[in-house]
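Along the sequence shown, residues are numbered consecutively beginning with 1. Quick caveat, the model's predicted, so the values are computed rather than measured.
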Amino acid sequence: MDSIRSVLRGEAAGSVKFVAAVLIMLILAVAVMTLSDWTSQARTSLASQQERLRTLLLLGDEYKSLAPMSTGNRNENVDVAAVFAQVSENMELGSRVNRITPDGRNQSVEINRLYAEELTELQRQLVSRGVRFIAAELRALPAGRERLFTVSAIIGPIS
């Protein structure tokens, strides 16, 4: 025990170098552990971001598959407001349709609290009647395990 005290006090020959070497090794060990922790966090974050990108790419492919390929007839004479009214009545959207305003030959609409299946069905029914989403903004709200969507969109004839 006395020899350890003399080494730590720097009284023994070479003890200063020994204490300095031990301190440097401790600092290096802490630095290696910290760096290891940072790299594991970075790997986890990267994996999470890659999974989000894959999900977004799948959603984009799914959205592209919903779009009509090409229609032989032009539907420029479609009454967009009437078609939307028929579809919203057919789907019983009722009070969830927050806004319908004319926008030239197009219509600006806002629909609240749609489930993903309802949104897909709305798009399918509109396309089958010659109307498409020209531009849309989706906002997702959590509803238990699912999400409800609010859609602000401009719809118009397929041309």
Side-chain angles (χ1 to χ4, degrees), residues 20-159:
V22 168
L23 287 175
I24 289 173
M25 288 175 53
L26 283 173
I27 290 171
L28 286 175
V30 169
V32 166
M33 287 190 295
T34 303
L35 186 62
S36 173
D37 186 43
W38 286 346
T39 57
S40 69
Q41 287 177 355
R43 279 190 203 112
T44 303
S45 177
L46 179 63
S48 173
Q49 293 298 326
Q50 286 173 336
E51 186 60 34
R52 287 179 185 162
L53 177 63
R54 275 190 224 105
T55 302
L56 284 173
L57 290 173
L58 286 173
L59 283 173
D61 290 342
E62 202 172 303
Y63 177 76
K64 286 178 187 175
S65 71
L66 291 175
M69 292 303 167
S70 96
T71 55
N73 58 348
R74 292 203 170 248
N75 296 317
E76 293 179 3
N77 295 328
V78 172
D79 185 0
V80 177
V83 169
F84 183 76
Q86 290 171 350
V87 170
S88 64
E89 184 177 321
N90 184 29
M91 292 182 63
E92 299 176 353
L93 297 178
S95 64
R96 295 188 288 172
V97 176
N98 192 30
R99 180 191 69 209
I100 303 175
T101 54
D103 185 14
R105 68 178 195 180
N106 303 320
Q107 294 288 317
S108 176
V109 297
E110 183 175 303
I111 309 152
N112 297 322
R113 300 181 319 271
L114 283 176
Y115 288 99
E117 298 82 19
E118 291 177 312
L119 182 57
T120 304
E121 181 63 17
L122 173 67
Q123 196 272 339
R124 189 190 65 72
Q125 285 193 28
L126 288 173
V127 168
S128 71
R129 290 177 170 86
V131 176
R132 69 182 176 105
F133 283 98
I134 295 170
E137 176 185 315
L138 293 174
R139 290 182 299 277
L141 304 169
R145 290 184 165 201
E146 297 188 30
R147 289 189 176 169
L148 292 176
F149 294 96
T150 295
V151 180
S152 297
I154 298 174
I155 58 174
I158 297 174
S159 48

Exercise. Please say which of Arg113, Gln123, Glu92, Arg96 ends up in a side chain to side chain contact (heavy atoms under 4.5 Å, CB included) with Glu118.
Key: Arg96
Any heavy-atom pair between the side chains of [Y] and [X] that's under 4.5 Å?
X	Y	value
Ile158	Val127	yes
Arg129	Val78	no
Asn106	Pro157	yes
Leu138	Leu119	yes
Phe133	Leu126	yes
Met33	Asp37	no
Glu117	Glu121	no

Using 0.5 Å steps for rounding, measure from the [atom1] atom of [X] to the [atom2] atom of [Y].
X	Y	atom1	atom2	result
Thr150	Leu114	OG1	CG	7.5 Å
Gln41	Leu46	CD	CG	13.5 Å
Ile100	Phe84	CD1	CZ	5.0 Å

Least distance between heavy atoms, [X] atom then [Y] atom:
X	Y	result
Leu93	Leu122	CD1-CD1, 4.4 Å
Arg105	Val80	O-CG2, 3.7 Å
Tyr115	Phe149	C-CD1, 4.3 Å

Exercise. Give a yes or no on whether Arg147 atom CZ has more than 12 heavy-atom contacts from other residues, nucleotides or ligands under 6.0 Å away.
Key: no
So does [Y] get a backbone contact from the side chain of [X], meaning a donor-acceptor N/O pair under 3.5 Å?
X	Y	answer
Ser45	Ala42	no
Thr44	Ser40	yes
Thr120	Ala116	yes

